[in-house]
Amino acid sequence: MKIAVMGTAQSAYSESSAGKNYGELAFDVVETLLARSAVAFDIVDCTVSASSDFTDGRTISDMAIQDAVRGVDKPESKVSMDGAFAVAQAAMRILSGQFETALVIAHAKPSECDFQAVTGAAFDPIYARLLHPTQEVACALQASALLALQPKASELSVKLAAVALGKTESQVRDSTLLASPLRENEFAALRDGACAVLLASEKAVARFPKKPIAWLTGFGYATEAHSLGARDLTDPISLKAASQRAFSMASIDLPTKQIDRIEQTAFTSYQESLFLEAMGFADRGMGFLRYLEGGVNDTGGALRAHPDFASGLARFCDAAELIATQKAGRALAHGSYGIAAQSHAVLVLERN
Amino acid sequence: MRAQKIELFEQRFGDAPVQVEGRIKIPYSWSVGQTPHSFLVSLRERQAIQGLKCENCAKTSVPPMTARCPFCFGEARWVDVGNSGTVRALTRFNGKIFALIQLVGADTCLLHVLTDSDIQVGDRVRAVFAELRTGSILDIAGFSKRGLK
């Protein structure tokens with residue numbers, strides 16, 4: 001299995017994108033993507049987008065970007081999941097043999113809504129929602145459970161967030177305690193923005209004026225129990241399953257040796273550690289230290305900029321750029337979504 | 001006159017991007033379903049917390065969402081679990097203390113709130129039932145350290 005990554009484009013990720021609507025955010029990255037790839041839109045056979053209806057404030061939120069993806073008269077579909085899952089869907093469309101190329105796009109504009117109300121709506125209305133929990137609550141409960149097992153996690157989390165944000169440890173420690181034990185700087189930084197990727201089958205590469213910047217050689221995704229209480233929050237089994245599928249597809253036996261760089265989507269500094277452990281890059285309890293060794297989210301990841309539902313695609317763009325600029329021979333991109341990261345997608349990118 | 005109006009408008013709004021205000025408020029009336037119905041009625045009528053114990057893997061889930069075990073999808077039967085349990089995780093957020101509580105006899109945790117501020121992870125707590133119970137998760141007012149046997 002081998003799918004060509006023909007190009008990527010990302011907007012800036014900012015606290016506000018007032019002055020542009022969703023469609024314009026998306027339109028601009030598609031224009032950049034086409035220009036960088038030196039192709040016209042005609043080359044796109046189908047589109048898969050990722051966005052959140054509740055964040056957009058309208059159902060069927062892919063209609064908000066219909067013009068940007070020239071959706072009329074084209075096979076266009078949406079995943080109401082993180083953008084990394086859209087890459088997997090697009091890859092499967094190409095692998096089906098029905099499409100030779102696919103545009104993948106994700107957009108986020110959380111600045112224009114009450115985002116805590118949006119994440120609150122992800123909880124089941126029967127048992128949980130009447131208590132008014134949010135994503136912050138779920139992630140903080142996860143951090144609390146981990147802290148009970150690893151007393152040093154609090155101190156290591158501050159170090160990790162300081163590295164991710166380019167701040168001092170005392171700046172992180174002094175940031176607002178949002179949901180104990182998590183401070184503001186230990187949470188992903190919610191941002192507006194959009195990103196897009198152009199994928200092609202091996203056969204279709206000849207139709208492009210430029211060579212692929214990277215190859216997608218493996219993908220896997222999985223989910224686990226929705227109820228927080230039915231999960232071991234300190235052991236994300238769905239990420240284990242997703243990564244094992246991706247590694248198996250990419251014929252990777254020893255991920256620690258065969259993958260140079262990791263671009264993962266974590267909503268908290270504690271998740272940065274947990275995810276490295278779940279994917280097998282660190283032993284249990286060693287995830288924070290593995291992160292601090294480097295090669296993981298070197299641009300700060302979601303702690304620095306988190307366009308919700310687009311973050312995983314942003315990580316994929318970053319991983320593809322690492323390959324294109326010869327900084328990695330093989331890189332992993334990861335996306336997650338759901339309450340305390342219920343679901344995960346893992347993508348493997350290579351140079352050849 | 002028109003030019004004057006335009007000038008006044010510009011003074012008021014300047015170059016700020018135009019935004020449309022909106023609010024979505026959609027009332028729902030969700031059927032809780034057969035399994036949660038039984039759980040919620042036992043809270044209301046008996047002040048008892050029920051779980052579903054799997055006949056296959058023997059794990060007990062609280063609160064149950066469907067009649068099947070969420071771990072192995074085996075057949076499950078109703079059992080009463082304890083009204084007390086252990087706090088496995090907690091967070092203070094927006095003036096509330098949320099917690100995951102593993103009740104005695106349960107293999108999963110219940111998401112709820114704590115009513116005392118001096119509770120830590122690992123502490124034992126017990127359910128405090130609301131006086132007026134309607135068949136809702138709020139029939140448990142919260143969990144407290146007080147009154148533990």
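All chains are named by letter (A, B, ...) in the order of the sequence lines, taking the proteins before the strands, and each is independently numbered beginning at 1.
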Task: Contacting moiety of A:Q116, where chain B heavy atoms sit under 4.5 Å - done: side chain
Open item on the list: Using a 3.5 Å distance criterion without hydrogens, assess whether the side chain of A:S144 forms a donor-acceptor pair with backbone atoms of B:L90.
Closed with: yes
Open item on the list: Tell me whether A:Y127 contacts the main-chain N or O of B:P64 through its side chain, where contact means a donor paired with an acceptor under 3.5 Å.
Closed with: yes
Task: Side-chain donor or acceptor of A:S180 paired with backbone N/O of B:R92 under 3.5 Å - done: yes
Open item on the list: Report which part of A:A225 has an atom under 4.5 Å of a heavy atom belonging to chain B: side chain, backbone, both, or neither.
Closed with: neither
Open item on the list: Treating B:K96 as the side-chain partner and A:P133 as the backbone partner, does any N or O pair qualify as donor plus acceptor under 3.5 Å?
Closed with: no
Open item on the list: For residues 231-243 of chain A, give me every residue with a non-hydrogen atom less than 4.5 Å from any non-hydrogen atom of chain B.
Closed with: A:L233
Open item on the list: Once rounded to the nearest 0.5 Å, what's the spacing between atom CG of B:L111 and atom CZ of A:R129?
Closed with: 13.0 Å
TODO: Could you list which of residues 36-52 of chain B have a heavy atom closer than 4.5 Å to any heavy atom of chain A, in residue-number order?
DONE: B:P36, B:F39, B:L40
Task: Part of B:F71 within contact of chain A (heavy atom distance under 4.5 Å) - done: side chain
TODO: Select one option (side chain, backbone, both, neither) describing which atoms of A:Q142 are under 4.5 Å from chain B's heavy atoms.
DONE: neither
TODO: Using a 4.5 Å cut-off on heavy atoms from C-beta on, say whether the side chain of B:M65 contacts that of A:H226.
DONE: no
Task: salt bridge (charged side-chain N to carboxylate O under 4.0 Å, His left out) against A:E31, all qualifying residues, sequence neighbours excluded - done: A:R70
Task: With sequence neighbours excluded, residues passing side-chain contact (heavy atoms from CB on, under 4.5 Å) with A:T59 - done: A:D53
